[in-house]
Amino acid sequence: MIKAKARSSVVSTETKQETAVEDIKRKSNYLRGEISRELGNDVASVSSESEQILKFHGVYAQDNRDVRRERAQKGEALDYIFMIRVAIPGGRLTTDQWLALDGAATDVADGTIRLTTRQAVQFHGVVKNGLRPLARALDGHLMTSFGACGDVVRNVVSCPELQGNDADERLREIATRLTRSFRATTEAHWEIFVNGDKAVSREDVEERPFYGETYLPRKFKIAVAHPDENCVDVLAQDVGLIPAEHPEAGHGFNLLVGGGLGRAYANPDTFARLADPMTFVTYDEIEEVIAAVLVTYREHGDRTDRRRARMKYVVADMGFQQFRKEIEVRLGRELREPLALPTHFDADDHLGWRTRKDGTHQVGVRVSAGRVRDEDGGTRLRSALRMIAQRHPVTFFLTAQQDIVISAVPHDARNDIEEILRSHAVRPDGELGNVERTALACPALPTCGQALTEAERRLPELVGNIEGALASRQLGRRALQLRMTGCPNGCARPAVAEVGIVGRTKSTYDVFVGGGTRGDRLATLYREKVPFDEIAVVLGPLFDRWEAEGDDEESFGDFVTRVGIE
Ligand code: SRM
Ligand code: SF4
C-alpha cells in the first residue's frame, strides 16, 4: 500500500457547498450504489446517481443525439445508449486481446472500435443489457473498463517506443506498473459486472488513502514520454514523466505537475495550462511522490465546482512554488531539482514501416479520428486488423494520436501484413496528406452529451479544405498539425495544436493557432465563431504570410508565434 502523510501547510477557508456528486460518491459504498439493481431492471436508462458512479466503471450514459428531435416530436423517450471506455495501459494489446475487442464491437456495440487520444478503446451504442457481457468478455482477456473514467487516475499513457523497448524492462512496464499502483482497490466492479452480486453490502474494503470514500475531486492523468519525443503531450498532463539520467541519482524521470487543457465557456475562470517541471525522481521514488501529489490534490481540489476541480487549478491558485513546498512537507524531505527538459522533442507520428533494434519490424497505421471500422466501398481497416491478429502473433500499440502500431513483426510476416493492408485499401503512410497524417478529432456528435458542434464526422472535410488552401499556396508539402473538438473540453488537445478548431456555438468554431508538435506552447485564439466552411478561408492570410515570410524549415506554429498574429 502506498502511503502519503495527510498533513498540510495550507489551510482552506472555503465554505462553499460541495457538489451533489461528492455526496453520491460518499454514499455509494465504494462505487457500488444502486448499479447492480438498476442493471437488472427492464428500463433502458439508469438513474442520475448511477450515471455518476458508472463513470468509475468506465461506462457513460449517452443518447443518440441524431434522433433526439425526431423522437421528441413523436413524444418518444431518448434513444439511450452507453459508451464504454476500456483502459489499455500504454496502449499495448496482444492479438488475443484485439480479437476480443473486435468481437465485442459486433456483439454489443455499433460495429466500430474507437481508439482514443489516451491510448484507450471506446465502444459506442451499447445497450444496458450489453454492459455485463462486455465486462465479462474484457475480464476474460485481462482487460477492464474500471477506472477508465471517473475521479481517479485514468489510463496511463506511454510512448509506444518505450513500451516496445526491449533494452529496459522498467520503461517497457512503466504504464502497467503505474496503473496497478494507482488503481482503486474496491471490488465493486468485479462484484457488479463480472462475478455477480455476492458482496453488495460489504463495507470493510480498504481503499487507497489518496482516494478514500469520495475519491479524487476530479479525473487525474499521467503520461510517460519518450526521452526524445513528445507523442503523448506530456506537458498537458496532471503528472508527466520524462525518462532522464541524473548525475548522482542515476536513471529515473523528470516529473512535471499541473497540466490540463479543458476549459468551459460558462466559467471564464477556467483555462488550459502546461505542466511545470517539479523534480527528478528515481524509479524507487515515483509512487511515493505521485501519492503525495494525489493527497495534496485530494485535500485542496475544489469539490464545490466540478468545472474548476482539476489539479491544475490547485497548482495555479496555490502557486507552483508553494505547491512544490506542500509536496515536500508531505514527504518530509526536500525534492531534487528537475533536470533540463529535452530540446529535440518533436512528436513522432509512429506511422509507416520501421525496423526495430532486435531485427523485427513495425508498421504504424493511420486511423482517421481513431475510428476502426469497415467503410462501405472504402477502407476496411477493422477486417484488416482482425486478419493480421488471426494470422500473426504481433503486438498492437494504440498511440496518443489515435493510431495503431503493429509491432514485433517477424521478417517473414512483413510481406503478408503489407498485402493484408493493401488488399483492404488501408493507405500506406506515404500516401497520406500532410494535414491528414496527424489530424485529430474528438467523437463529438452524435454520442457526446457535451458536444456543441460536429468534430470527428467533419474532420475529413476540414482536412481537405485546409490541404487545399495549403496546396494553392505552394505550401502543399508542408506538414500542419490540425486538431478539432466539438467543445472547449479539448479532448483532442487542440489547445496545444498548431491549428486548433474548437466548437463554439451550434454552427461555429473558435480558431486557435500557434501550438506545435513539441507540445510545449499553448495556442492563441485567432478568430471567434467562424462557420465551418470559412475555417480554411480565415486561416488564409496567415498561410499567405507563412509562405512569403516563413523559413523553409519553420513550422506554422513556430512561424505565427515568431511573427505574432492579428
Ligand atoms: Fe475527454 C469529457 C472523450 C481525452 C478533456 N471526453 C469527455 C466525454 C466523456 C464527454 C462527457 O463527459 O460526457 C467524451 C466522450 C464522448 C464520446 O461520445 O465518446 C470524451 N476524451 C474523450 C476521448 C475519447 C477523445 C478522443 O477523441 O479520443 C478521449 C478519451 C481519453 C481516454 O482514453 O481516457 C478524451 N479529454 C481527453 C483529453 C486529452 C488527454 O487527456 O490527453 C482532454 C484534455 C486534457 C485534460 O484532461 O485537461 C479531455 N474530456 C475532457 C473534459 C474537460 C475536463 C476539464 O478539465 O474540465 C471533459 C468534461 C468532463 O470531464 O466533464 C471530457
Ligand atoms: Fe465531447 Fe467536447 Fe470532448 Fe469533443 S471535446 S468529446 S465534444 S467533451
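Remember, it's 1-based here, ligands and their atoms both numbered in the order they're listed. Only this structure's heavy atoms are used, side chains among them; waters, hydrogens and symmetry mates stay out. Here the structure is a predicted model, which is why all the values come from computation and not from measurement.
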Next on the checklist: Less than 4.0 angstrom from a charged side-chain N to a carboxylate O is my criterion; do Arg263 and Asp510 meet it?
Outcome noted: no
Checklist entry - Parallel under 30°, tilted from 30 to 60°, perpendicular over 60°: which one fits the rings of Tyr297 and Phe220? => result tilted
Checklist entry - Does NZ or CZ of Arg504 lie under 6.0 Å from the centre of the six-membered ring of Tyr265, at an angle within 45° of the ring axis? => result yes
Item to check | Atom indices of ligand 1 within 4.0 angstrom of Gln402 heavy atoms, with elements | outcome: 26 (C), 27 (O), 28 (O)
Next on the checklist: Taking 4.0 angstrom as the limit and counting only heavy atoms of Gly486, give me the atoms of ligand 2 inside it, by number and element.
Outcome noted: 4 (Fe), 7 (S)
Next on the checklist: Any donor-acceptor pair under 3.5 Å linking the side-chain atoms of Asn230 with those of Asp520?
Outcome noted: no
Checklist entry - For Thr94 and Asp96, does a side-chain donor sit closer than 3.5 Å to a side-chain acceptor? => result no
Checklist outcome for this item: The atoms of ligand 1 lying under 4.0 Å from a heavy atom of His124, numbered in the order shown, are 17 (C), 18 (O), 19 (O)
Checklist entry - Among Pro446, Cys491, Ala264, whose heavy atom sits nearest atom 25 (C) of ligand 1? => result Cys491
Next on the checklist: Closer than 4.0 Å to some heavy atom of Pro443 - which atoms of ligand 2 meet that?
Outcome noted: 6 (S)
Next on the checklist: Show the atoms of ligand 2 that are less than 4.0 angstrom away from any heavy atom in Ala451.
Outcome noted: 7 (S)
Item to check | Close-contact set for ligand 1 against Gly260 heavy atoms, below 4.0 Å | outcome: 48 (O)
Checklist entry - Taking atom 38 (C) of ligand 1 as the point of reference, which of Arg263, Arg65, Lys221 owns the nearest heavy atom? => result Lys221
Checklist entry - Does Gly490 have a heavy atom less than 4.0 Å from any atom of ligand 2? => result yes
Next on the checklist: Under a 3.5 Å threshold, yes or no: a donor from one side chain and an acceptor from the other, between Arg493 and Gln481?
Outcome noted: no
Next on the checklist: Side chain, backbone, both or neither: which applies to Gln119 and ligand 1 if a contact is any heavy-atom pair less than 4.0 Å apart?
Outcome noted: neither
Checklist entry - Is any NZ, NE, NH1 or NH2 atom of the basic residue among Glu49 and Lys27 found under 4.0 Å from an Asp or Glu carboxylate oxygen of the other? => result no
Next on the checklist: Is it the case that the side chains of Glu326 and Thr296 hold a donor-acceptor pair, with the cut-off being a distance below 3.5 Å and no angle test?
Outcome noted: no
Checklist entry - At under 4.0 Å between heavy atoms, which part of Arg493 makes contact with ligand 1: side chain, backbone, both or neither? => result side chain
Checklist entry - Do the charged groups of Glu18 and Lys25 touch, with an N to O distance under 4.0 Å? => result no
Checklist entry - Among Thr116, Leu445, Ile81, Ile88, whose heavy atom sits nearest atom 33 (O) of ligand 1? => result Thr116
Checklist entry - Among Gln450, Met311, Lys219, Arg310, which residue places a heavy atom closest to atom 58 (C) of ligand 1? => result Lys219
Next on the checklist: Does any N or O of ligand 1 fall below 3.5 Å from an N or O anywhere on Gln122, backbone included?
Outcome noted: yes
Checklist entry - Any idea which atoms of ligand 1 are less than 4.0 Å away from a heavy-atom of Met83? => result 15 (C), 19 (O)
Checklist outcome for this item: The answer for which part of Arg85 has a heavy atom under 4.0 Å from ligand 1 is side chain
Next on the checklist: So if I count the atoms of ligand 2 from 1 in the order they appear, which ones are less than 4.0 Å from some heavy atom of Cys448?
Outcome noted: 1 (Fe), 6 (S), 7 (S), 8 (S)
Checklist entry - Where the closest heavy atom to atom 60 (C) of ligand 1 is concerned, which of Arg218, Glu51, Arg306 has it? => result Arg218
Checklist entry - Which one holds for Ala441 and ligand 1: side chain close, backbone close, both close, or neither close, with close meaning a heavy atom under 4.0 Å? => result backbone
Next on the checklist: Any carboxylate oxygen within less than 4.0 angstrom of a Lys/Arg side-chain nitrogen, looking at Glu287 and Arg177?
Outcome noted: yes
Item to check | Distance-only donor-acceptor check, side chains Thr106 and Arg382, under 3.5 Å | outcome: yes
Item to check | Selected option - heavy-atom contact closest to atom 59 (C) of ligand 1, from Ile84, Asn489, Thr270 | outcome: Asn489
Next on the checklist: Any salt bridge linking Arg366 with Glu436? Criterion: basic side-chain nitrogen under 4.0 Å from a carboxylate oxygen.
Outcome noted: no
Item to check | Residues Arg308 and Asp302 bridged, charged N to O under 4.0 Å | outcome: no
Checklist entry - Which part of Cys487 is near ligand 2, with near meaning a heavy atom under 4.0 Å away: side chain, backbone, both or neither? => result both
Item to check | Proximal atoms of ligand 2 relative to Cys491 (non-hydrogen, under 4.0 Å) | outcome: 3 (Fe), 5 (S), 6 (S), 8 (S)
Item to check | Those atoms of ligand 1 less than 4.0 Å from some heavy atom in Ala120 | outcome: 33 (O)
Item to check | Nearest-neighbour protein heavy atom for atom 10 (C) of ligand 1, which is reported as residue plus atom name and distance | outcome: Cys448 SG, 3.6 Å
